[in-house]
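Below is one structure, written out as structure tokens, with a few remarks after it.
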Amino acid sequence: MSRYWSRIVHELTPYVPGEQPQIENLVKLNTNENPYGPSPRAIEAMQQELGASLRLYPDPESVQLKKAIADFHQIDSEQVFVGNGSDEVLAHTFMGLLNHEAPLLFPDITYSFYPVYCGLYEIEYQQIPLTDEFAIDINDYSIDNGGIIFPNPNAPTGRLLALTEIENLLRRNTESVVVVDEAYIDFGGESAVSLINKYPNLLVTQTVSKSRSLAGIRVGYAMGNPELIEALVRVKDSFNSYPLDRLAIAGATAAFEDVDYFESTCGKVIASRDMLAAELESLGFQLIPSAANFLFAMPPRMPAQQVAEALREHGVIVRYFNKPRIDQYLRITIGTDAQNQALLEALRSIL
Ligand SMILES: Cc1ncc(COP(=O)(O)O)c(C=O)c1O
């Protein structure tokens, strides 16, 4: 607290990111990073960019990257907005598209940055409880609203909402923007981007942090009707004209072009997830079906928090949320096969 702070800063409850400990040989399964490295073509592109050109500002519009994203998704560049991680894209979305008279709707159990953006931009919101099975029931969203946002698959549950349900929601909700945050869609879901030409109020956000293994360069993007994209550009150009640096633009562009590498690493993560899920179930864990690169799992016999602490002593870190409804669960990122085996061995000795 300081008398120099603005009123809004006094009132903020900032987001707390997952830990990034500087400890060697840790099995780090707490922040949903991809266990495999980025595409070698992305690394090469960034290395080539390292040079005298760094003297110059990057392209403020990231034209080359937007084209690569548009080509990958078979849409037009004017339907794409890029930002410094999807967190920044989401922040601009909250400010530019979701700040209205009626409350913004999102699930009670969801990405915990959403209420933080509401605090920052003073947006009223209403949390809609997930069902007992931790599913989104779109019938619960048929109420007056200034916008709707949810991740698909949801975080931290990993549960997927079928595309047909998203379309049902869009059919009913035409007067406000619906944002589908697809940070994890490449691990088993069907993207709602196929619906953006049909529904002018649909915005889909994605990131290179998870399925393209580039969390370190901070690139996220949104896809939707050019009118929605224009709102985001207006916010961006009132905040930071150059959110993406030259290395990020080069690396992310090459990552979108390397489709084979992307598909093969996603495939490996999905296969490991299904294997790990079966092993955890055989240890007595209860799992929510996951379409993401993590599992949301309730351990048997011991409180989840205690299991998380014991795992840490074994050099394995997972994410624990001390929050209502989910305080008996652990969110476990899918690692390499060796990391997943280390997790299982530690669990066998703990439980
Ligand atoms: C649901 C969801 N959306 C968005 C993000 C932000 O991703 P990034 O800012 O790395 O693109 C995350 C990160 O964990 C997430 O879980």
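As the structure lists them, so they are numbered: ligands from 1, and atoms in each ligand from 1.
Met1 forms part of no hydrophobic cluster, judged by ILVMFWY side-chain heavy-atom separations under 4.5 Å.
Distance CG/Leu343 to CZ/Arg348: 9.0 Å, rounded to 0.5 Å.
For the residue pair Asn201 and Thr174, no side-chain donor N or O sits within less than 3.5 Å of a side-chain acceptor on the partner.
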### Task
Might you work through the ring-ring contact (aromatic ring centres under 6.0 Å, His included) test for Tyr184 and Phe187, ending with a clear yes or no?
CA-CA 6 Å; Tyr184 303 102; Phe187 300 107; 7.1 Å; no
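A side-chain hydrogen bond (donor to acceptor under 3.5 Å, both in side chains) with Thr333 holds for exactly one of Asn32, Asn34, Asn30; it is Asn32.
The aromatic rings of His92 and Phe81 sit perpendicular, their planes meeting at an angle over 60°, well past the 30° parallel limit.
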Give one line per pair: atom of ligand 1, protein atom, distance. Only N/O to N/O under 3.5 Å.
| residue | atom | partner | partner atom | Å |
| --- | --- | --- | --- | --- |
| ligand 1 | 3 (N) | Asp181 | OD1 | 3.2 |
| ligand 1 | 3 (N) | Asp181 | OD2 | 2.7 |
| ligand 1 | 7 (O) | Ser86 | OG | 3.1 |
| ligand 1 | 9 (O) | Ser86 | N | 3.2 |
| ligand 1 | 9 (O) | Asp87 | N | 3.0 |
| ligand 1 | 9 (O) | Asp87 | OD2 | 3.4 |
| ligand 1 | 9 (O) | Arg218 | NH2 | 2.7 |
| ligand 1 | 10 (O) | Ser209 | OG | 2.7 |
| ligand 1 | 10 (O) | Arg218 | NH1 | 2.8 |
| ligand 1 | 11 (O) | Ser86 | N | 2.6 |
| ligand 1 | 11 (O) | Ser86 | OG | 2.7 |
| ligand 1 | 11 (O) | Thr207 | OG1 | 2.6 |
| ligand 1 | 11 (O) | Ser209 | OG | 3.4 |
| ligand 1 | 14 (O) | Tyr184 | OH | 3.3 |
| ligand 1 | 14 (O) | Lys210 | NZ | 2.9 |
| ligand 1 | 16 (O) | Tyr184 | OH | 2.7 |

